[in-house]
Amino acid sequence: MFRRRSQDAPAAATALAEEQAPQSRNPQAPKGRPTPKRSEAQANRRTRVSVPKDRKEAAREGRARMRSEREKQRLALLSGDERALPPRDKGPVRRFARNYVDSRFTVAEWFLPFAVVILILSVLRNPGLQFVSLMLWLLIIVAIVADSLRHALGLRKQLRERFPNESHRGVTAYALMRTLQMRRLRLPKPQVKRGAQL
């Protein structure tokens, strides 16, 4: 009984070692790609990015690269160039949502000017003007909520019709956040005029 177990143990250990050993490629088997010519290999070695040995130099290069990327994205936001936009603004669905918002008048885009007027009225020590400012707050909030619901439902319907196979996740919230910005301050810049047919 004990002898039998000791004979089986080396066999099991050998099988386990064979399973764990890395499978080496047969030298005669093809490697799946052609061998590059010497001139191509030398050119590839020359064009590889050389990593600076100095840590400060590497950090400086990294900052310069990030600065140029940010500048490229800023110019894309101003011009609407799809290739260099940030990931949250890319794609035909997001472009349509931006155009949908930009082609319509929204109450939410006037929230900031209204808020300044209401704030000035509420600071004045006249009880009548303070009551008016309170009513204006209530009115503007109800108007923004109703207008946002109307735009959200209309946008969802248009997205289902025009982009049935695309993901619409987060697009409505993206569009509603855009409505809160004044038209001339929106980024990416509006590409359509008000009242344009999409």
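What you see is a predicted model, and the numbers here were worked out from it, not measured in a lab.
Ala175 and Leu155 get closest at one heavy-atom pair: CB-CD2, 3.4 Å. Taking all atoms of both residues into account, the shortest heavy-atom contact from Ile144 to Ala108 is CG1-CA, 4.0 Å. For the pair Arg183 and Val192, the tightest heavy-atom approach, listed with the atom from each and the gap, is NH2-O, 2.6 Å.
Here the side chains of Met177 and Leu180 are in contact, with some heavy-atom distance below 4.5 Å. Two residues are said to be in side-chain contact when any heavy atoms from C-beta on lie closer than 4.5 Å; Leu198 and Arg104 meet this criterion. Under the 4.5 Å side-chain criterion, counting only non-hydrogen atoms from C-beta, Arg60 is in contact with Arg63. In this structure, the side chains of Ile140 and Leu136 stay at 4.5 Å or more apart for every pair of heavy atoms.
Note on residues 93-102: pairs passing side-chain hydrogen bond (donor to acceptor under 3.5 Å, both in side chains), not counting sequence neighbours, are Glu82-Arg95, Arg98-Tyr174, Asp102-Arg178, Asp102-Arg186. Among residue pairs with one or both ends in residues 115-159, none qualify as ring-ring contact (aromatic ring centres under 6.0 Å, His included); sequence neighbours excluded.
Between atom CZ of residue Arg194 and atom OG of residue Ser103 there is a gap of 9.5 Å, rounded to the nearest 0.5 Å. Rounding to the nearest 0.5 Å gives a distance of 10.0 Å between OG1 of Thr106 and CE of Met182. To the nearest 0.5 Å, atoms CG (Leu138) and OG (Ser133) are separated by 11.5 Å.
Considering only residues two or more places apart in sequence or on other chains, Gln197 meets the side chain to side chain contact (heavy atoms under 4.5 Å, CB included) condition with none of them. The salt bridge (Lys or Arg N to Asp or Glu O under 4.0 Å) search around Arg150 returns Asp147, not counting sequence neighbours. Annotation: salt bridge (Lys or Arg N to Asp or Glu O under 4.0 Å) contacts of Glu71 (sequence neighbours excluded): Arg74.
Both Leu185 and Phe105 sit in one connected hydrophobic cluster of ILVMFWY residues. Membership requires side-chain heavy atoms under 4.5 Å apart, directly or through other members. Both Ile141 and Trp110 belong to a common hydrophobic cluster when Ile, Leu, Val, Met, Phe, Trp and Tyr are linked at side-chain heavy-atom distances under 4.5 angstrom. When the side chains of ILVMFWY residues are joined at heavy-atom separations under 4.5 Å, either directly or via intervening members, Leu176 and Leu187 end up in two distinct hydrophobic clusters.
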Side chains of residues 111-129: which donor-acceptor pairs under 3.5 Å do they make with residues two or more places apart or in other chains?
unit_1: Ser122; atom_1: OG; unit_2: Ile118; atom_2: O; d: 3.4
unit_1: Ser122; atom_1: OG; unit_2: Leu119; atom_2: O; d: 2.8
unit_1: Asn126; atom_1: OD1; unit_2: Gly128; atom_2: N; d: 3.0

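Atom CZ of Arg162 sits in a crowded spot, with more than 12 heavy atoms from other residues, nucleotides or ligands closer than 6.0 Å.
With Lys189 contributing its side chain and Arg184 its backbone, the two residues share a donor-acceptor pair below 3.5 Å. A donor-acceptor pair under 3.5 Å is formed between the side chain of Ser68 and the backbone N or O of Arg65.
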